[in-house]
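Chain identifiers are assigned alphabetically (A, B, ...) following the order of the sequence lines, protein sequences preceding nucleic acid strands; residue numbering begins at 1 within each chain.
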There are 2 protein chains.
Amino acid sequence: MSEDGTAEGTAEEVTLGRIETEVALLMRLGEATRRATGTAEHRVLDRAAYVILRHLDSAGPQNVSALAARLNLDGSTVTRQVSAMQRDGLIARAPDPSDGRGTVVSPTPAGLHRMAAVRAARTRLYGDILADWAPADRDTLAHLLHRLNEALETRTRR
Amino acid sequence: MSEDGTAEGTAEEVTLGRIETEVALLMRLGEATRRATGTAEHRVLDRAAYVILRHLDSAGPQNVSALAARLNLDGSTVTRQVSAMQRDGLIARAPDPSDGRGTVVSPTPAGLHRMAAVRAARTRLYGDILADWAPADRDTLAHLLHRLNEALETRTRR
DNA sequence: GAAACTAACTGTACGATACAGCTATCCGGG
DNA sequence: CCCGGATAGCTGTATCGTACAGTTAGTTTC
């Protein structure tokens, strides 16, 4: 069965294979797009930095390890990431008043501003890309992606 | 306008913002999933290697630069990637008969086998994750992702 | 209050990628 | 037919994101 890498069996499997293919492709394209867009003006807001700001914005200031757990990243990665972000004035670190070991990370206005700018740019990009899509299709895509992520997330945390 | 990073204006923008959010999230989760799954047995089939095999399988043997163009990667990256894959017996290199500068890369049976195994594992994973989805929703997701990728791709190549 | 635990940081390593520079080959105009 | 510009692939080098292991300082438990 598919030793040659081509056809699958049931219709279900075909659909799953297509989803697998498209997700893999999307990740490649997304990478390429991020590389192509961000590097110029916005620098630094590469990868995790953006997601960290997004998360701080939506979930409020929090400790490094909370961030790491939430983002499925190693603590050391987050430490370095926030160090770089602090250097660039995007976040501020303060000792956690309720735990002497902890460090509370909060976004600075500049960080939020930068995040909003990147977000707006990306939203514009998607608006451009999906220009000829029916609004209903966009809605459906957003909805299904959300469900997919939820499913993936609960799966990951096990 | 969203200097604070929260609400957007029109309904269109809200949807686009959600798509942007979900795509970003998906990329993070996808990375985490790949890291969690692949590293054990299949090694080596990290990242690009899998996509390279997929592409060789579906589009046939081809030159390094054709691969690079198709995958939005630098030629040097692909060179190193296929070197590693050759070392691991996943692909074979042969001089291009029609162009003395070129090197034709083709998958080996072992490479195709490996690819099929990873693909089957991922398909199984998606089947697991999407276990309680209606077949119609899966179809729609596959379809919309495909359209999204097409749109992204034509956009990228400009 | 000592032992076990935990938060953050630091050292080190690896993988994926890009860019610049090199060599070998190709092709089109004089 | 040969010479100069283009192209294919490779190598050197740099960067970024990440992980794992170890360190230090503070916390919790008995």
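- Partners of B/S58 according to the side chain to side chain donor-acceptor pair (under 3.5 Å) rule, which considers only residues two or more places apart in sequence or in another chain, do not exist here.
- Mapped onto DNA chain D by nearest heavy atom, A/L73 and B/Q62 fall at different nucleotides, with B/Q62 at the one closer to the 5' end.
- Straight-line distance from the CG atom of B/D88 to the C1' atom of C/dG15: 14 Å, rounded to whole Å.
- Contacts of A/T108 classified as side-chain contact (heavy atoms from CB on, under 4.5 Å), with partners at least two apart in sequence or in another chain: A/A92, A/A110.
- Close to D/dG17, at under 4.0 Å from its OP1 or OP2, lies no side-chain N or O of B/R28.
- B/D96 has its CG atom 8 Å from the P atom of D/dG9, to the nearest Å.
- Atom CZ in B/R87 sits about 15 Å away from atom P in D/dC10, given to the nearest Å.
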Q) What is the per-nucleotide protein-contact pattern of nucleotides 2-12 of chain C, from the 5' end, where B denotes a base atom under 4.0 Å from a protein heavy atom, S denotes such proximity for sugar-phosphate atoms only, and - denotes neither? A) ----BSSSBBB
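- For A/V64, the side-chain contact (heavy atoms from CB on, under 4.5 Å) partners two or more places apart in sequence, or in a different chain, are A/V78, A/T79, A/V105.
- Counting to the nearest Å, the C1' atom of D/dC10 and the CD atom of B/Q86 are 13 Å from each other.
- For the side-chain contact (heavy atoms from CB on, under 4.5 Å) test, no residue two or more places apart in sequence or in another chain qualifies with A/P95.
- By the side-chain contact (heavy atoms from CB on, under 4.5 Å) test, A/T103 is found to be paired with A/R93, residues two or more places apart in sequence or in another chain being considered.
- Contact between the side-chain N/O atoms of B/Q81 and the OP1/OP2 oxygens of C/dG15 is not found at any separation under 4.0 Å.
- Salt bridge A/R114/A/D88: absent, no basic N to carboxylate O contact under 4.0 Å.
- A close approach under 4.0 Å does not occur between any side-chain nitrogen or oxygen of A/T77 and OP1 or OP2 of D/dG17.
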